[in-house]
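Data block below; observations after.
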Amino acid sequence: MDSLFLLLLALGLVLVFFSGNWRLVLFYTVFVGFAQDPLRKITPGQPQYLVGLVLVAAALSMLALYTSSRHIPFKNAFKLDSALLQYYPIFLWLLVISCLNSFLRTGAIEVPFIGVMIYLSPLLAIWLGFHFATRPGAVVRFIQVYIIMVSFYAFTVLLSFWGVASPLLAEVGKGLVIYLDVGIGLQGHTGLWRTAEVAAWHLGAAACFSIILGVRTRKILYIVLSFLLSAFLMYTSVLTGRRKVFTLFVAFVVSYVILISLNARRLTRDTFFSGLFVLGATAAIFVLSGGLSDLESGAYGAFFRRSTSVFSEANDRFNSTALGGLNSAIQQAGFFGFGVGTTYSSAATSIGAEIASTGKGGWVEGGLGKIIYEIGVVGFAFLGAMVFLLGRLYLRIARSPIIVNLPDHLLVLGLIAFLVSNLPNFSAASQVYNDFFVLLVLGLSSGFILGLASSIDYMNSRALSESVPNSSMPSLTTPSAPS
């Protein structure tokens, strides 16, 4: 059965690849990203390599894009900021050195391969997303498809909670026991996802995307419907037992409201108030969830109390795993780190044992420490510089008067808020950010922002130049035709 499923999945990928429509291949990549988890569950031994199927599908999307238009260098994605063009080639060479370091330490070629793909997959996804967003309507359809898939998987989480027993609804391996209240230890419900961590992240991401699409319409009915869907997804996320989804969602809402407020002078009044509605509706979601938890007997109330405890423990956890992990990583990994992939799976165990024997400290859970652990202080500095420049560019895009189309502007602001909301979680606990599908969604979101800004900049500049000769319209960059 598992071989037939894999064969059908591969056959579908081949068919869409030869369709000549690279965007269709990317849509199918999303389907592969969701299908790979239940496929792993029903495959004997639950092999870990199956979670890389989405990477194969994404690579075929890139190949299809390249064959459709050969003149599409990677640097096009960063053309809005020349400084980024100077940093990323150096960072790539640092990754090459880190791969060699990793291989010499572990003696296993798969360790640097997996490690370098964790760093490269978001960059390649940015390139894909940049070209995909030259048609703004395609971005909306992509997000809609993603939300539909997550909503279906959310229903399977509920099935697990309601007591439906199936290997497809069980967590891979032995699962992770979550201690809810004193004396109560349960496994989080994952549905068709392979782990509770992955399930929680996708539910939170879809809840954010639902709000973005609702606010983008600036129509009360659609906004209300989008928030109802978002409430359902957040309600379901509680059952995973993973608390970080709440910090993700709250950070997104706060960031989105702030970005809308910063642009209040250029946005219409109803658009600005839709941002305030985001804040009020979010509060209603938590009140509703609290009320539902009181009505639920036993398990759900315990899951909900655990989820909301994240806010009272956030400060201590950030200091211990993010900042504390950062100091620990510098002491342990030194200037150049242990190499890419050494914090992943079996390599992490062997390197962790080596570190423990030196007495320099324990394992690193936070994302900042993980980066130093693998690529050292030098790699961390270059990657940090790239993230800073990208963040500065996003802020410039958010404040730029070039994006005069309000729905597209609200979409861009929402995607920026979504990326920002992932930073606290990554800093405190980076496990889910080793997942290739999660990295693909984040990279595509980043590329969508750059692509939307670039294409809108081009279209507005061209329209103005055609209507007003020798006009001097403000621009983010020198216009060039979108691919």
Side-chain angles (χ1 to χ4, degrees), residues 22-23 25-34 36 51-66 72-81 84-85 87-88 91-92 95 114-134 138-139 142-143 145-146 149-150 198 201-202 204-206 208-209 212 248 252 340 367 370-371 383-384 386-391 393-394 397 411-412 414-423 425-426 430 432-454 483:
W22 72 269
R23 285 183 171 83
V25 184
L26 189 57
F27 275 109
Y28 192 79
T29 299
V30 175
F31 175 75
V32 172
F34 283 103
Q36 65 184 9
V51 300
L53 290 179
V54 69
L55 205 58
V56 176
L60 285 179
S61 299
M62 298 171 199
L63 180 60
L65 170 59
Y66 180 79
I72 44 173
F74 178 79
K75 65 181 182 180
N76 280 3
F78 295 142
K79 67 180 182 179
L80 296 179
D81 193 322
L84 278 169
L85 296 176
Y87 274 89
Y88 89 83
F91 180 69
L92 293 180
L95 287 182
I114 293 174
V116 77
M117 290 314 300
I118 289 175
Y119 286 92
L120 288 182
S121 54
L123 289 175
L124 296 174
I126 289 174
W127 179 70
L128 265 178
F130 172 81
H131 291 284
F132 190 88
T134 54
V139 175
F142 183 91
I143 295 175
V145 169
Y146 178 80
M149 293 296 296
V150 171
V198 173
W201 189 89
H202 284 292
C208 297
F209 288 151
I212 294 172
L248 172 71
F252 162 76
V340 292
K370 173 184 177 294
I371 293 172
L383 185 59
M386 290 178 64
V387 171
F388 171 78
L389 291 173
L390 203 56
L393 175 59
Y394 289 157
I397 290 172
L411 176 60
V412 167
L415 291 173
I416 293 174
F418 173 66
L419 293 178
V420 170
S421 68
N422 278 273
L423 294 177
N425 278 359
F426 174 76
S430 62
V432 75
Y433 298 98
N434 287 331
D435 182 89
F436 289 124
F437 190 26
V438 169
L439 294 174
L440 181 66
V441 174
L442 288 170
L444 287 173
S445 299
S446 181
F448 290 161
I449 297 168
L450 299 176
L452 286 168
S454 180
S483 302

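Each residue takes its place number in the sequence, starting with 1.
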Calculate, to the nearest 0.5 Å, the distance between atoms CG and CG belonging to L439 and L124 respectively. 11.0 Å
Residues passing the side-chain hydrogen bond (donor to acceptor under 3.5 Å, both in side chains) test with S61, sequence neighbours excluded, are T29
Test ring-ring contact (aromatic ring centres under 6.0 Å, His included) applied to F27 - qualifying residues, sequence neighbours left out: F132, F142
May I ask you to test the L248-F252 pair for a side-chain heavy-atom distance under 4.5 Å? no
With rounding to the nearest 0.5 Å, note down the distance linking OG in S121 to CG in L128. 11.0 Å
Working note: V432 + N425, criterion side chain to side chain contact (heavy atoms under 4.5 Å, CB included); need CA distance, chi angles, decisive distance, verdict. CA-CA 9 Å; V432 75; N425 278 359; over 6 Å; no
Pair F34-Y146, ring-ring contact (aromatic ring centres under 6.0 Å, His included): steps then yes or no: CA-CA 9 Å; F34 283 103; Y146 178 80; 5.7 Å; yes
Side chains of L390 and L419 in contact at under 4.5 Å (non-hydrogen atoms): no
With side chains defined as the heavy atoms from C-beta onward, is the minimum distance between H202 and F437 less than 4.5 Å? yes
Could you state the interatomic distance from CD1 (I397) to CG (L393), rounded to the nearest 0.5 Å? 4.0 Å
May I ask you to test the V441-V30 pair for a side-chain heavy-atom distance under 4.5 Å? no
CA sep, side-chain torsions, deciding dist, call: F130, I449, side chain to side chain contact (heavy atoms under 4.5 Å, CB included): CA-CA 7 Å; F130 172 81; I449 297 168; over 6 Å; no
How many angstroms lie between CE in M386 and CG in L389, if you round to the nearest 0.5 Å? 8.5 Å
Could you list the residues that satisfy side-chain contact (heavy atoms from CB on, under 4.5 Å) with A125, not counting sequence neighbours? L440, L444
Nearest-0.5 Å distance that lies between atom CD1 in I118 and atom CG in L95: 11.5 Å
Can you tell if the side chain of F209 reaches within under 4.5 Å of the side chain of L415, non-hydrogen atoms only? yes
Please examine the side chains of V438 and L442, heavy atoms only from C-beta on, and report whether any two atoms are closer than 4.5 Å. yes
Sorted by chain and number, sequence neighbours left out, side-chain hydrogen bond (donor to acceptor under 3.5 Å, both in side chains) with Y87 holds for none
Is any side-chain heavy atom of W201 closer than 4.5 Å to one of D435? no
Determine the interplanar angle of the F31 and Y28 rings, folded into 0 to 90°, and report it as parallel if under 30°, tilted if 30 to 60°, perpendicular if over 60°. tilted
For S446, all residues meeting side-chain hydrogen bond (donor to acceptor under 3.5 Å, both in side chains), sequence neighbours excluded: Y394
Which atom of R23 lies closest to which atom of H131, heavy atoms considered: NH2-O, 3.1 Å
Taking all atoms of both residues into account, what is the closest heavy-atom pair of A133 and G447, and its distance? CB-O, 4.5 Å
Answer yes or no: is there a side-chain heavy-atom contact under 4.5 Å between I371 and F426? yes
Could you tell me which non-hydrogen atom of Q36 sits nearest to which non-hydrogen atom of L53, and how far apart they are? OE1-N, 3.4 Å
Roughly how far, to the nearest 0.5 Å, is OG1 of T134 from CZ of F448? 10.5 Å
Could you list the residues that satisfy side-chain hydrogen bond (donor to acceptor under 3.5 Å, both in side chains) with N434, not counting sequence neighbours? none
